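Both counts, for ligands and for their atoms, begin at 1 and track the order of listing. Values below: every heavy atom of this structure, side chains too, minus hydrogens, waters and symmetry copies. Keep in mind that what you see is a predicted model, and the values were worked out from it rather than measured.
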Amino acid sequence: MKNIHWYPGHMAKSTRAIEKDLKLVDLIIELLDARIPFASKNLALDEITNKPRIILLNKADMADDIETKKWQHYFEQQGKPVVLVNSLKGEGFSKITQAAANLMKDRNARLKARGRIFTPTRAMIVGIPNVGKSTLINKYVKKSIAKTANKPGVTRHNQWIKINKEFELLDTPGILPTKLDEKSGQRLAISGAVIDHVLDIYELSIILIPFLQERYCGVLKSRYDIEENLSPEHTLNAIAESKKLLQKGATLDITRAANLLIDDFRNLRLNRITLETPEDIEKEREEIENNSKV
Ligand code: G4P
């Protein structure tokens, strides 16, 4: 697969902008895509801060529940609380405030012991583009305001959103640059996190087909009524045939078949699928280490 370049210039500045905003907050809410928790993670965040952090596995409604549980365990083992959310529906939101309160318990107790005036916990949401930051903030604000509508002060002022008397959210999310390694790039591209015109949908479909055949056996058969054990190229042919995707001269239109497959994946028509597991990441890390030794 050719190199994918989707690193716009303004992204380089975004890490610096986040560093500035980090000074304003006590807590970071790191938003990841539950279908690709590692590919949607920006490792630079770990380098620029060690502030308390909650991991949100967003788009949990699109991911495979079994794999999501594994990812939850993976991050919790690193001492990071995890909340599964569906930002479109607001599912899991009450657990965010709860997790924040737990994380800040010691800090608040210390402040109290020193007789300091209590200040609400301030948090900031960070994540790569398309992971769902704006959807989450908008929905979170609406939900919180709806719940506490009869109380004064639950309005946007300055750049803080007052979620409740103990918790405030910075209303501008921190946008982290997207990862650039090959595997992450492919998974981000398949999930739709990066702009389509820089990608070759055909090549993405050629990567996705064997993955589906191996991990989600039966999905291709039930969606397109085709054989499961074909090569990726033959699978595209079979999809085109089954869905009557023809081009001029009545030959099968492979490009449209590839587009259909990727579009079906992105729109949940292939069912809930996770593109990487903690074991995959571990294996890939080992492979890279071994290759660098050779
Ligand atoms: P960003 O601010 O981090 O860049 O992401 P944004 O909120 O714009 O979300 C990117 C896309 O992901 C949007 O879809 C949004 O609806 C979708 N999305 C966000 N959170 C969830 C979730 O928990 N579950 C599901 N299923 N989808 C989610 P879009 O098609 O690009 O835009 P739109 O047509 O929905 O507005």
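- Residue-to-ligand polar distances keep Pro129 apart from ligand 1: every N/O pair is separated by 3.5 Å or more.
- For atom 9 (O) of ligand 1, a protein heavy-atom neighbour is present inside the 4.0 Å cut-off.
- Contacts between Lys133 and ligand 1, counted as non-hydrogen atom pairs separated by less than 4.0 Å, involve both the backbone and the side chain.
- For atom 6 (P) of ligand 1, a protein non-hydrogen atom is found at a distance below 4.0 Å.
- Inside a 4.0 Å radius of atom 1 (P) of ligand 1 there is at least one protein heavy atom.
- Residue Ser87 approaches ligand 1 through these ligand atoms, each under 4.0 Å from one of its heavy atoms: 20 (N), 22 (C), 23 (O).
- A cation-pi arrangement is absent between Lys183 and Phe38, since the terminal nitrogen or guanidinium carbon is not both under 6.0 Å from the aromatic centre and inside a 45° cone about the axis.
- Heavy-atom contacts from other residues, nucleotides or ligands closer than 6.0 Å to CG of Asn102 number more than 12.
- Salt bridge status for Glu168 with Arg122: present, with a side-chain N to carboxylate O gap under 4.0 Å.
- Atoms of ligand 1 found under 4.0 Å from any heavy atom of Asp61, numbered from 1 in the order shown, are 22 (C), 23 (O), 24 (N), 25 (C), 26 (N).
- No more than 12 heavy atoms of other residues, nucleotides or ligands shown are found within 6.0 angstrom of CD on Glu227.
- Listed by number with element, the atoms of ligand 1 under 4.0 angstrom from any heavy atom of Thr135 are 6 (P), 7 (O), 9 (O), 15 (C), 19 (C).
- Counting Ile, Leu, Val, Met, Phe, Trp and Tyr side chains that sit under 4.5 Å apart, directly or through other members, Met62 shares a hydrophobic cluster with Leu268.
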